[in-house]
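Notes follow once the structure below has been shown.
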Amino acid sequence: MAKLVFGMNQSLDGYVDHTAFGPSPTLFRHFVEEAERQAGSIYGRRMYEVMRYWDDEHPEWNADERAFAAAWRNQPKWVVSRSLKSVGPNASLVEGDLEGAIRKLKAERAGEIEVAGPDLARSLTELGLIDEYRIYLHPVVLGHGKPYFAGPRPPLRLMAHDRIENVIRLAYAPA
């Protein structure tokens, strides 16, 4: 059975914003290694549209960026959307019964499946389908933006924590 993991970079005041701050080279390498191990990713529409950046080649990329793009392209992706009519390579559109589709996906797959996007994570949290929350806590205060928890914060218990340079990675399970 697959494990659903919602993990994102977060500011000290609880916001996610890929345009306001990003990972250091060391943390980015960590994300490359995670992407290489993942059994796939589940995206909401907005996050999927952001991540489609990795479908195209960019000559200015370094080796880690090329490695991340290759890992992202190789893994299966499921996109939850009511408005999209089609998705890109190695991606499937999830329409209709979200709970049934994700429960089936979890039952049929093994390994870690990334959940990307706070709104999608809120829906999956409400359905009791997220197995782990990973917060990559950056020493940045934004003061505004999209919160990591887009809905009520679920009861959580700390499973692990470590440091990747100046970022603290916190791993929580539903309590």
Query raised in the report: Quick one: salt bridge (Lys or Arg N to Asp or Glu O under 4.0 Å) pairs with a partner in residues 130-141, sequence neighbours left out?
Result: K3-E132, E34-R134, K106-D131, E112-R134, E132-R134
Query raised in the report: Can L12 be reached from V140 by stepping across I, L, V, M, F, W or Y side chains whose heavy atoms are under 4.5 Å apart?
Result: no
**Report entry** Qualifying side-chain hydrogen bond (donor to acceptor under 3.5 Å, both in side chains) pairs, either residue in residues 5-16, two or more places apart
**Finding:** N9-H138, S11-D13
Report task. Taking all non-hydrogen atoms of both residues into account, name the closest pair between W78 and G40 and its distance. Result -> CZ3-CA, 3.8 Å
Query - Aromatic ring proximity W61/Y53, centre distance under 6.0 Å - result: yes
Report task. Sort and list the pairs that fulfil salt bridge (Lys or Arg N to Asp or Glu O under 4.0 Å) and have at least one residue in residues 71-87, not counting sequence neighbours. Result -> E57-R73
**Report entry** Under the salt bridge (Lys or Arg N to Asp or Glu O under 4.0 Å) test, residues paired with D64 that sit two or more places apart
**Finding:** R29
Report task. Quick one: list whatever passes side-chain hydrogen bond (donor to acceptor under 3.5 Å, both in side chains) with R169, sequence neighbours left out. Result -> H30, D162
Query raised in the report: Should side-chain heavy atoms under 4.5 Å link Ile, Leu, Val, Met, Phe, Trp and Tyr, which residues sit in the same cluster as M159?
Result: none
Query raised in the report: Excluding sequence neighbours, so at least two apart, what forms salt bridge (Lys or Arg N to Asp or Glu O under 4.0 Å) with R45?
Result: E49
Query raised in the report: Distance from L129 atom CG to S123 atom OG, nearest 0.5 Å?
Result: 10.0 Å
Requested in this report: For K146, check side chain to side chain contact (heavy atoms under 4.5 Å, CB included) against everything at least two apart and list the hits.
Outcome: V16, R46, P118, D119
Report task. Report the residues that fulfil side chain to side chain contact (heavy atoms under 4.5 Å, CB included) with E95, sequence neighbours left out, ordered by chain and then residue number. Result -> L93
Query - H58 NE2 to N62 CG distance, which is reported to the nearest 0.5 Å - result: 12.5 Å
Query raised in the report: Looking at CD1 of I42 and CD1 of I130, how far apart are the two atoms once the value is rounded to the nearest 0.5 Å?
Result: 7.5 Å
Query raised in the report: With sequence neighbours excluded, what pairs up with E114 under the salt bridge (Lys or Arg N to Asp or Glu O under 4.0 Å) test?
Result: none
Requested in this report: Grab the two heavy atoms, one from P23 and one from F31, that are nearest each other, plus how far apart they are.
Outcome: CB-CE1, 3.9 Å
Report task. Not counting sequence neighbours, which residues clear side-chain hydrogen bond (donor to acceptor under 3.5 Å, both in side chains) with W72? List them please. Result -> Y43
Report summary line: Those residues at least two apart in sequence (or on a different chain) that pass salt bridge (Lys or Arg N to Asp or Glu O under 4.0 Å) with R52 are D55
